[in-house]
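Let me begin by presenting the structure, written as structure tokens, before commenting on it.
Per chain, numbering begins at 1; letters A, B, ... match sequence-line order.
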There are 2 protein chains.
Amino acid sequence: MTNPTQRAAQLASAPIWPPMTDQMPTVAQLCQSILARHQDTISVRKPSIALPRLQRILEAAIDLSNKGGFQAMSLRDLSRETGMSAGGLYAYFDSKTTLLKMILAEVADLVQRILSNPPADVTRDPVTHLRWLIDTHLRMTEALLAWFTFAFMEAKNFPPAERRMAVDSEMLTESFFSAVILRGIEGGAFRPDTSPLLPALIKPLLQEWYVKRAKYRRRGITLDAYSAEVQQVVLRACLPERGGAALAPMTRAPIG
Amino acid sequence: MTNPTQRAAQLASAPIWPPMTDQMPTVAQLCQSILARHQDTISVRKPSIALPRLQRILEAAIDLSNKGGFQAMSLRDLSRETGMSAGGLYAYFDSKTTLLKMILAEVADLVQRILSNPPADVTRDPVTHLRWLIDTHLRMTEALLAWFTFAFMEAKNFPPAERRMAVDSEMLTESFFSAVILRGIEGGAFRPDTSPLLPALIKPLLQEWYVKRAKYRRRGITLDAYSAEVQQVVLRACLPERGGAALAPMTRAPIG
DNA sequence: CCTTATCGAGCGAGCGTTCGGTAGATATTG
DNA sequence: CAATATCTACCGAACGCTCGCTCGATAAGG
């Protein structure tokens with residue numbers, strides 16, 4: 001357990017964690033994962049053909065859905081955009097709903113994979129761990145903006161089964177924040193009267209970034225600036241009074 | 001301009017503003033406003049008939065849309081739910097899109113009406129004003145939950161014109177927060193280095209309450225508790241260090 | 001008996017999905 | 001290696017259905 005002075009000193013310098021770029025998956029990798037998970041419903045066998053086609057389909061579907069919504073996207077739109085015929089598309093999914101489930105499940109799985117694998121040196125200190133969770137979540141959504149926008153916009157208005165999936169994924173994300181904050185309280189890094197509501201409030205602040213991406217782009221707000229601000233708001237809500245004073249603007253330092 | 005000690009003392013007691021119940025409109029009043037605004041497209045002339053019918057239509061439309069989305073709600077569904085025929089419905093709107101615009105415009109207008117009319121004694125102090133804005137917004141959405149849920153869920157996925165309307169409404173709300181925070185900085189109530197991003201972060205925290213209403217109901221979180229927590233998070237982000245320490249749990253005291 | 005408010009069958013358009021057909025790659029055979 | 005057979009990946013017309021919306025008929029009140 002560190003005392004306030006030690007923590008203040010620790011916070012004064014921006015923590016540096018390894019660049020996420022390494023472990024942030026490419027769209028091609030996501031599609032490969034989807035292809036593997038849906039071998040039984042995808043009738044095209046040769047990966048050299050299936051993979052680029054599936055990627056083209058998914059990217060087009062996400063793109064079309066992100067203007068107008070998934071329901072509003074017709075398979076004729078998708079057919080035109082991908083250059084494939086209506087019948088041809090059905091070699092890659094057995095219903096429009098399955099197409100949607102493919103994407104949602106992959107996004108939910110990605111969040112879990114990334115957030116549950118922090119670098120070892122990050123988890124030593126709850127403050128650093130919390131900041132890493134916030135920063136990493138933001139960078140992940142930034143790297144796969146269209147995918148997360150899609151998942152957010154379409155998770156509502158769903159058949160109960162898919163809706164449950166979205167709710168579970170959200171609860172899991174919140175649990176990451178809950179766990180580290182609880183650990184911080186127990187270890188004395190966070191104030192003991194930190195509100196149990198705080199973890200729930202972090203998620204909407206992270207969603208704001210990619211849902212309203214256009215707004216922040218228009219205003220010239222960088223991801224670094226947004227990340228720093230969310231970290232600051234959250235830490236001011238859970239750090240003891242003195243710790244908060246030492247808060248320096250903080251994000252991961254650019255590497256390379 | 002107050003000094004820190006004065007402000008701390010002021011904050012220690014929960015501010016009390018008049019109950020919003022008085023000025024919070026009923027659904028019937030909203031419908032009356034909509035009826036007046038759409039006289040030209042509504043062909044039914046006698047208000048004694050038009051008003052209850054319109055209310056029935058709007059409430060059913062919001063209800064049906066809030067499970068499944070506006071697009072998924074068919075006019076046959078609406079016909080069944082209201083007990084009116086397809087043709088009969090078209091005496092109250094000239095297209096499905098108009099029906100949607102009626103509701104969105106009314107909600108946007110309501111937000112503007114309520115938030116731009118704070119009680120006189122609230123506006124004297126930026127801290128109280130800011131807390132009033134947060135608390136009032138939450139109570140407004142609580143009183144008209146279905147309407148705000150509808151507006152939030154359907155504001156995306158829109159023709160550009162309606163989308164612009166939603167964006168403008170959101171910007172207006174943010175501007176209320178911006179103005180009072182700026183005033184607080186100038187008057188010395190808020191720290192001079194308060195992030196210009198803070199106003200933008202308040203909105204998602206308020207939306208969270210009605211968008212995820214079921215989650216907080218399940219957890220037994222009351223509106224008072226949620227309001228207090230959001231106020232605390234926001235004030236910790238903009239109050240000078242000392243002021244934050246004096247923060248007592250705060251909401252409008254219930255008036256019996 | 002005209003006006004007002006409502007009805008409900010029905011229109012054309014567009015939806016998700018299916019399925020018979022086929023070109024080209026691949027495997028099998030002599 | 002040429003000829004043949006098989007398979008893979010895809011096409012696109014067509015099907016059954018639901019959609020938003022219209023319009024002539026109709027009922028009720030003054």
Side-chain angles (χ1 to χ4, degrees), chain A residues 31 34-35 38-58 60-61 64-65 67-103 154 157-159 162, chain B residues 31 35 38-58 60-62 64-65 67-103 154 157-159 162:
Chain A
C31 291
I34 292 176
L35 183 59
H38 291 81
Q39 277 180 328
D40 45 337
T41 62
I42 298 180
S43 74
V44 179
R45 300 260 58 93
K46 298 198 321 193
S48 65
I49 292 181
L51 206 100
R53 287 273 200 276
L54 182 65
Q55 179 166 347
R56 193 173 173 76
I57 291 170
L58 294 177
L64 287 168
S65 294
K67 27 181 185 273
F70 183 76
Q71 293 229 53
M73 175 201 71
S74 75
L75 292 188
R76 283 161 182 82
D77 293 337
L78 190 58
S79 169
R80 184 172 9 86
E81 199 69 13
T82 57
M84 296 180 67
S85 69
L89 291 175
Y90 272 77
Y92 293 87
F93 48 81
D94 52 15
S95 78
K96 199 186 173 192
T97 303
T98 298
L99 177 60
L100 179 137
K101 282 197 281 194
M102 283 179 175
I103 303 172
E154 306 305 335
N157 309 345
F158 262 7
E162 285 76 15
Chain B
C31 292
L35 184 60
H38 291 82
Q39 276 181 328
D40 46 335
T41 62
I42 297 180
S43 74
V44 179
R45 298 260 61 92
K46 299 197 320 193
S48 65
I49 293 181
L51 206 101
R53 287 269 201 277
L54 181 64
Q55 178 167 347
R56 194 173 172 75
I57 291 170
L58 294 177
I62 290 173
L64 287 168
S65 294
K67 25 181 186 274
F70 182 77
Q71 293 230 51
M73 176 201 71
S74 74
L75 291 186
R76 285 162 180 82
D77 293 338
L78 190 58
S79 171
R80 184 172 7 86
E81 200 69 12
T82 57
M84 296 179 66
S85 68
L89 291 175
Y90 272 77
Y92 293 87
F93 48 81
D94 53 14
S95 78
K96 200 188 172 191
T97 303
T98 298
L99 177 61
L100 179 138
K101 281 196 282 194
M102 283 179 176
I103 303 172
E154 306 305 334
N157 309 345
F158 261 7
E162 286 76 15

Rounding to 0.5 Å, atoms CD (A:E81) and CG (A:L78) come to a distance of 8.0 Å
The reported gap from OG1 in B:T41 to OH in B:Y90 (rounded to nearest 0.5 angstrom) is 12.5 Å
Atom-to-atom span, [atom1] of [X] to [atom2] of [N] - whole angstrom:
X: A:I57; N: C:dG16; atom1: CD1; atom2: C1'; answer: 16 Å
X: A:Q71; N: D:dG20; atom1: CD; atom2: P; answer: 11 Å
X: A:Y92; N: D:dC11; atom1: OH; atom2: P; answer: 9 Å
X: A:D94; N: C:dT17; atom1: CG; atom2: P; answer: 8 Å
X: A:Y90; N: C:dC15; atom1: OH; atom2: P; answer: 12 Å
X: A:K96; N: C:dG14; atom1: NZ; atom2: P; answer: 15 Å
X: A:L89; N: D:dA9; atom1: CG; atom2: C1'; answer: 12 Å

Side chain of [X] only, please: which of [options] is the nearest?
X: A:S85; options: C:dA5, C:dG16, D:dG12; value: D:dG12
X: A:V44; options: D:dC10, C:dA5, C:dT17; value: D:dC10
X: A:M84; options: D:dG20, D:dC11, C:dT17; value: D:dC11
X: A:L75; options: D:dG20, C:dT17, D:dA9; value: C:dT17

Give one of base, sugar-phosphate or nothing for [X], where a contact means two heavy atoms less than 4.0 Å apart.
X: A:S79; answer: nothing
X: A:F93; answer: nothing
X: B:R76; answer: base
X: B:A86; answer: base

Exercise for the section: Evaluate the criterion side chain to side chain contact (heavy atoms under 4.5 Å, CB included) for residue pair A:I42 and A:F93; output intermediate values, then yes/no. Expected result: CA-CA 6 Å; A:I42 298 180; A:F93 48 81; over 6 Å; no
